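Below is one structure; the comments refer to it alone.
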Amino acid sequence: MTGPASLERGYRRVLACYPRAFRRENEQEIITVLMATAREGQQRPGLAESVDLVRGALRMWLRPGPGRPPRTVLNAVKLMYAGAALDLAALIIVVVTAGRVRSAMVSRDPAQWNFVLTHLVAVEVFGPIAIGVWLWMAWANGRGHDWARGVFTTFLGLTTLSLLGWLAGSAVLYATADLIAVTVLWLVQMAAMVLIFSRKSASYYRHEPAER
Amino acid sequence: MQEATFLILTALAAGSQHGYGIITDVNEISGGRVRLRAGTLYTALDRLRADEMIGVDREEIVGSRLRRYYRLTPAGGERLAAEAARLHANATAALARLNPAGGLIT
């Protein structure tokens, strides 16, 4: 298939990444605009417009729910995005330096090889999961889902346990940097927790969030 | 207020417009500097509708394509006027400080 029909199908494929409720309301109209702004003879969506659409879809997924959330919830959501960014930065540092750390630790004390390997793999596996949880929590709390407060409390509990583990001296790798990173993340979580459980946030979590 | 939002509200200040009309008008208002893409436009329109700054005026089918016209609400008009006044005051202050004698800036 070529021409406008093929181009329209391409646009619909990109638009599939938007929330269903948004698509139902706006897809026909967005297609109209996309087709009107397409170049003469264009066969498929361009890179720049596809990036713009995907970015728009991400914003729609991560946007706070209907009814303006109180400032306490908005600030908590911002802290959750900051937590995701911090976890991402920590993960990048670990991935970039992992090779050097592995060889340095093993040459200094070969007996620690298993421990080093386990620790690095744990960071590389749980880092992306933690980033996902931060983003999920930002979305769910922004939408006013009451269960999100429970999940976030559990998340804080797990971070508290790992912080206690570090304080107990069970980890020697990246000792100082690790401790600082976990402490900062814990403080960010604590601040977000206080905000979502504040009196001003309570009424927002009682409403029924709309379908996405 | 982001510049794209300001320009969208400005485009609607003179009357209701559909999506493609807003894109071309914003391009014209900004002297060709801001070219809105569909993803950016509809994210902004969705937010402005949620904030009750704009509303849907009417819908038309033209050549089997849906056209939805948006209009500025009274709240949107007030917000745009306040933002325009703020920008005007800032610009006036900047120009006055750049040129305290009141002559031309060279």
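Keep in mind the model is a prediction, meaning the values are calculated, not measured. We name chains A, B, ... by the order of the sequence lines, and we start the count at 1 in each one.
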[X] [atom1] to [Y] [atom2] distance, which is reported to the nearest 0.5 Å:
| X | Y | atom1 | atom2 | result |
| --- | --- | --- | --- | --- |
| Leu53(A) | Arg37(B) | CG | CZ | 9.5 Å |
| Ile30(A) | Leu41(B) | CD1 | CG | 8.5 Å |
| Tyr69(B) | Glu29(A) | OH | CD | 11.0 Å |
| Thr40(B) | Asp52(A) | OG1 | CG | 3.5 Å |
| Thr32(A) | Glu60(B) | OG1 | CD | 11.5 Å |
| Asp46(B) | Glu25(A) | CG | CD | 8.0 Å |

Given side chains that start at C-beta, do those of [X] and [Y] come closer than 4.5 Å, heavy atoms only?
| X | Y | value |
| --- | --- | --- |
| Arg68(B) | Asn26(A) | yes |
| His18(B) | Val33(A) | no |
| Gln28(A) | Glu59(B) | no |

How about [atom1] on [X], more than 12 heavy atoms from neighbouring residues, nucleotides or ligands closer than 6.0 Å, or not?
| X | atom1 | result |
| --- | --- | --- |
| Gln2(B) | CD | no |
| Arg58(B) | CZ | yes |
| Phe126(A) | CZ | no |

For Gly39(B) and Tyr18(A), which heavy atoms make the closest approach, and how far apart are they?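 Closest heavy-atom pair between Gly39(B) and Tyr18(A): CA-OH, 3.8 Å.
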Count the heavy-atom pairs under 4.5 Å between each of Thr43(B), Leu45(B), Val62(B) and chain A, then report the option with the highest count.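 If we count pairs closer than 4.5 Å to chain A, Thr43(B) comes out on top.
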What part of Ala48(A) gets closer than 4.5 Å to chain B, counting heavy atoms only: side chain, backbone, both or neither?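 Contact with chain B: backbone and side chain both.
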Can you name the residues that form a ring pair (Phe, Tyr, Trp, His ring centres under 6.0 Å) with Phe152(A), not counting sequence neighbours?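 If we apply the ring pair (Phe, Tyr, Trp, His ring centres under 6.0 Å) test to Phe152(A), skipping adjacent residues, there are no hits.
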Under a 4.5 Å heavy-atom cut-off, does chain A meet the side chain of Ala38(B), its backbone, both or neither?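 Looking at Ala38(B), backbone and side chain both touch chain A.
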